Every structure is written in C-alpha cells, then in structure tokens.
Amino acid sequence: MEAAVEPGNLAGVRHIILVLSGKGGVGKSTISTELALALRHAGKKVGILDVDLCGPSIPRMLRAQGRAVHQCDSGWVPVFVDQEQSISLMSVGFLLESPDEAVVWRGPKKNALIKQFVADVAWGQLDYLVVDTPPGTSDEHMAAVEALRPYSPLGALVVTTPQAVSVGDVRRELTFCRKTGLQVVGVVENMSGFVCPHCAECTNVFSRGGGEVLASLAGVPFLGSVPLDPELTRSLEEGQDFIRDFPKSPAFPALFSIAQKVMSEAPARLS
Amino acid sequence: MEEVPQGCPGTGSAQAGRGASCQGCPNQRLCASGAGAAPDPAIEEIKEKMKTVKHKILVLSGKGGVGKSTFSAHLAHGLAEDENTQVALLDIDICGPSIPKIMGLEGEQVHQSGSGWSPVFVEDNLGVMSVGFLLSSPDDAVIWRGPKKNGMIKQFLRDVDWGEVDYLIVDTPPGTSDEHLSAVQYLSAAHIDGAVIITTPQEVSLQDVRKEINFCHKVKLPIIGVVENMSVFICPKCKKETQIFPPTTGGAEVMCQDLKIPLLGKVPLDPHIGIQEFCGHHPPKEEHFLSS
C-alpha cells in the first residue's frame, strides 16, 4: 500500500481540472483561459498551470508576458494576473529570457520541469487549478497525470474542433484518459461555425458535428459548442477579459455554460 | 524498442549510466562506458539510404493546428502532378498522425519486404509513411515518451524503402522537441534542403513560430520560407472577406520582414478543404505551393 502523499503546495487546491486535446490548435489554451475567467466571475479563486513547455501561450492571453517569478520558502510564487489576486498563473513562459527563446528539450528534461511545476509552486488556497497542456499523448501528459494523480483531479476537459482530422486525434486522447484512469468531465467542440458579420450566414468553416458524435461514441458528456468569434481571438491577442467585455458575443453563452457544468461536477466529488 | 526508465538523463548526458534512475536499466553499462555518447551508427545508415532522395523538405510550425499536415499533403500532391516526379511524404507526428486521414489512406497497412518497409502508394509516384498505418484501430493512442518516439523516427528514415525519390516531404508535429531534434539529427549527414514554416495570422501562432525559427537557427536548418495559412475567410454567400484570425501584430508579413525570411504565400480559409479531407478526396491543385 502506498504511503500517503505529502499534500505540500497543493494542499489548499480544492479541484484540479486538466484541459487536453491530442490535436493542436483546437483552442486548449483559449478554453483554459476562458474557463478560468468564467470561474473567476462566479467568485472562485483560480490558478492556471501551463505545462506547454514548447508553446506557452497563456501569459500573453492574460497580459502577463515578461513578469518575473519570485521564490518563497515553499517554492515558486505564481504570477497574479489581476489586482484582486483571484487568478494566478505559472508557465515556462515566465522563465525564458526572451519571448522568442525556444525550449528545445527532450522528454526527460520536460518531465523534470513539470514535476517541479506541480510540486514546487506555492499555489495557496484555490478553488480550481486549470492545467493547460500541449497537443499529444506524450511526455508532458504522462508527467502531468503522474504528478497530479495523488491529488485526485476532477478530470479532463477534452477540446476538439468539428472536423474529422481533429476528432481522429481526440479519440486517441480519450483512450489516453481511459488508460491513465483520468475521468473525462466532458468534450468541448470549439470553432463550431462562423457567423459572417456582413450577411449573418453561418458557415461551418471546420466542418460540423464531430464533437457531439465523438462524445456520444465514447460515452462521455458533451459540454457544448463554442463558435468562431474574431472578437474572442482579438480579445485573447490583446490580453483582455473576454467574459467581462463581450457578454453579447455568440461565444459567451457556450463558455459560460461550460464553466457552470464544471462547477456542478465539483460538489459531487466532495462527498 | 527497449523501455527506458522514467528519469533517464539521456544517453548523451554526463550522468548517463551513473544517475540514480539508471539503476536497473538494460542500457546502464553501455551508457556508463561512454558508448551512449558516441555518434549513432544510424546516422551513417540513413545518409546511405537518403542517397536516392534528391530533396528533403521539413514542414514545421511550433504552433499546433495551423495546417502543417494539410499543407504537406497539398505540396506532395502538387509536386506529384508531374508523373515523372517521384514524391514521398513522411509523417513523423507520432501522437497525432493526420496524414493517413488527409490523404484518404485510413486503414491501409504497411508491408515488409527484403529491402525494408514499403510505403503506401496513393499514386504511382506518391508514397506515404505514417505511424497511423501501424495502428490497428482509430482509437489506438500512441502513449510514448521521447526515446521511443525517436526510435520510430529512426526506423522511418532508415528502414523505409522509398526508392528513387525527387522530393521527400517530412510533416512534423507542433513543438520544438524530440521529434524535431531527432529528424534533424538523423538527417544531419544527409543534407536537408530546408524547412517550410506554417503559421496563421494571429500573434498566438507567430509567438510559437518565432521559437521554431529560433530552433532552426540553433540546429543550423535553412529556412526556405513561411506560409501564412487561414489568412482570410471568404463568405460563400456574400463573398465578403473577414479575418477570423486577425493579424493583430501584422501577421506573417511583418514577422518575415522583421526576421528577413521569405514569405512564400498566403492561403485563405476554405471550408471545402475540411470536407474533402473528411472524404479523403484529392485536394485541388494549388498554384501557391508549386510556385515556391
């Protein structure tokens, strides 16, 4: 029987949720950021752990590029992205000398840093820790799942886009979840249709329907479809708070509903 | 491929064979003797194999989902339009092998012969290899750590019987990690023509692409140029243009000017590409790709 793990720096974290895909460019970091913002608007304290070591996107999305990471007795202090200190963030992006610096590491070195990110960041008291991952089913994912397993994560939010080439990779990610014993909280279909601002015609730019079919075949919940919205893209590019600034956007109801479903999953786990 | 311990310091590391995590590894003695740091004999073997391949092009990005595989497939088909040009497409995205689906080759199997693995031919002059052909079900996940992925890439480069090839196009996964290092390392003696880097217009992509460009400089890989994909969306109903992925920092054009790298072209977002990939149809000829 394994000895109980020292809770350490994750002792004050109530719920951990991983955002996975398998496919690149489907919007994992976008959904991670928007989920964190939506949870913050619901009054929660949120941390974001960005374990995409080669392509750390989140600092820019929260206008935190170039911020320094400080040390305290318990380890690294995560970067607070807002004055109220309701969202904290850790990313390899903060450890690079320049934003163009490439992290050209093989697996073992990536694994070591991810273990440190899980064990040595002083998160303090958090309602939710959202873990954003790179595409794939490899070192980073295995390292993150292994390191987080003792803390019983809530599960994984799996992001796809509608087209077959994404669904193809995301099926493999669902297999990864099954094999590693990670519960799937649900599937999110991103970039689901685009409404032309000139004529209001909705075009399925990246095909249609794949996410819902995938969720149904795999027997996991479908959490919703988020449409393409250039305002959302622009907001992320400029590090704005989309949830606050664009409540009338077509993407808003879907993002808000996804956050609600994650929160409704959480109390069920307390008992 | 032998299992390597989780904390493997890497065969080239000073700690190779000596670290705590090396205990019990079948290669421990080999690494401790310094043999692990010697050049991999496969590099010479691959150099020999690549003598029948005239041009080698890597398709990179750094960012996921920008259309590397789509571009690679279009480029391969475009080059193979000339029946006398022999084209090979190698998919080294081990975790997310998209090429079989895009080329309409799902379910195809790879065969072994005396001269090695046979690629799957989609046309007489266009052969394809991907880990996708080695998986028995579309749900099979390749949950491998770096060293095992590297082994697969080595086999793809050394053991596939491509024959006489004019162009070998290598499609890569996003990132700057094992697969990219291995491809460059194993092909180091065989001369790579260069890399084509794919991006989309927005800064979140360009951010990662600059890192990829940095990676190319670090490993001395020439950059042929950058392609900006999903540049603009043309509404099929009203034909007006919208930038779904706005170039808030000037898009690839400004980045290429700043870094003095050629911009090879801009490709618009076309919903039909997604549908055609679903059906596995031959995508239409794209002049963009041929002109470079």
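As the structure is a computational prediction, the values presented were derived from the model and not from experiment. Lettering of chains follows the sequences in order, A, B, ..., and the numbering in each one begins at 1.
Your options are B:Lys218, B:Met230, B:Gln207, and the one with the most heavy-atom pairs under 4.5 Å with chain A is B:Gln207. Counting heavy-atom pairs closer than 4.5 Å to chain B, the top-ranked of the candidates A:Lys23, A:Glu237, A:Arg178, A:Glu238 is A:Glu237. For the set A:Pro230, A:Pro197, A:Gly107, the count of heavy-atom pairs under 4.5 angstrom toward chain B peaks at A:Pro230. The residue among B:Pro174, B:Pro97, B:Gly175 with the most heavy atom pairs within less than 4.5 Å of chain A is B:Pro97. The greatest number of non-hydrogen atom pairs below 4.5 Å with chain B, out of A:Leu53, A:Asp139, A:Leu174, A:Thr175, is found for A:Asp139.
For chain A, no part of B:Lys68 is nearby; none of its heavy atoms comes within less than 4.5 Å. Looking at B:Asp140, only its backbone comes within 4.5 Å of chain A, counting heavy atoms on both sides. Residue contact with chain B, scored on non-hydrogen atoms closer than 4.5 Å, is absent for A:Pro162. When heavy atoms are compared at a cutoff of 4.5 Å, B:Val66 does not approach chain A at all. Looking at A:Lys109, there are no atoms closer than 4.5 Å to chain B (heavy atoms on both sides), in backbone or side chain. Only the side chain of A:Lys110 comes within less than 4.5 Å of a heavy atom in chain B; its backbone stays farther off. Contacts between A:Leu96 and chain B at a heavy-atom distance below 4.5 Å involve the side chain alone, from C-beta outward. Only the side chain of B:Leu135 has a heavy atom closer than 4.5 Å to any heavy atom of chain A. Both the backbone and the side chain of B:Ser182 come within less than 4.5 Å of a heavy atom of chain A. Of the two parts of B:Pro246, the backbone and the side chain both hold a non-hydrogen atom closer than 4.5 Å to a non-hydrogen atom of chain A. Residue A:Thr203 touches chain B through its side chain alone, counting heavy-atom pairs closer than 4.5 Å. Only the side chain of B:Leu269 comes within less than 4.5 Å of a heavy atom of chain A; its backbone N, CA, C and O stay farther away. Proximity to chain A (any heavy atom under 4.5 Å) is restricted, for B:Gln243, to the backbone atoms N, CA, C and O.
In this structure, the side chains of A:Trp105 and B:Leu181 stay at 4.5 Å or more apart for every pair of heavy atoms. At a threshold of 4.5 Å between non-hydrogen side-chain atoms, the residues A:Leu236 and B:Val204 do not count as touching.
Taking a 6.0 Å sphere around CD of A:Glu212, one finds it holds 12 or fewer heavy atoms contributed by other residues, nucleotides or ligands. No more than 12 heavy-atom neighbours from other residues, nucleotides or ligands sit within 6.0 angstrom of CD on B:Glu241. Atom CD of B:Glu108 is surrounded by more than 12 heavy atoms from other residues, nucleotides or ligands within 6.0 Å.
Looking at B:Asn214, its side chain does come within 3.5 Å of a backbone N or O of A:Asp100 through a donor-acceptor pair. For B:Thr176 (side chain) and A:Ala102 (main-chain N/O), no donor-acceptor pair under 3.5 Å exists by modelled atom type. Judged by distance alone, with hydrogens and angles left aside, the side-chain atoms of B:Asp139 form no donor-acceptor pair with the main-chain N or O of A:Arg172 at under 3.5 Å. A distance-only check finds a donor-acceptor pair linking the side chain of A:Ser138 to the backbone of B:Trp144 [under 3.5 Å]. Counting only distance, with no hydrogens or angles, the side chain of B:Lys211 and the backbone of A:Pro99 share a donor-acceptor pair below 3.5 Å.
From B:Ile143, atom CD1 reaches atom OG1 of A:Thr180 across 6.5 Å, with rounding to the nearest 0.5 Å. Note that the CZ atom of A:Arg106 and the NZ atom of B:Lys149 stand 10.5 Å from one another [nearest 0.5 Å]. Put simply, CD on B:Glu203 and CZ on A:Arg234 are 13.0 Å apart, with the number rounded to the nearest 0.5 Å. Between the NE2 atom of B:His180 and the SG atom of A:Cys54 there is a distance of 7.5 Å, given to the nearest 0.5 Å.
Ring-plane geometry between A:Phe194 and B:Phe233 is classed as perpendicular, the angle between the planes exceeding 60 degrees on a 0 to 90 degree scale with a lower cut at 30.
Of all non-hydrogen atoms in B:Gly96 and A:Asp169, the two that sit nearest each other are CA-OD1, 3.3 Å. Here the closest non-hydrogen pair linking A:Asn111 and B:Arg145 is ND2-NH1, 3.2 Å.
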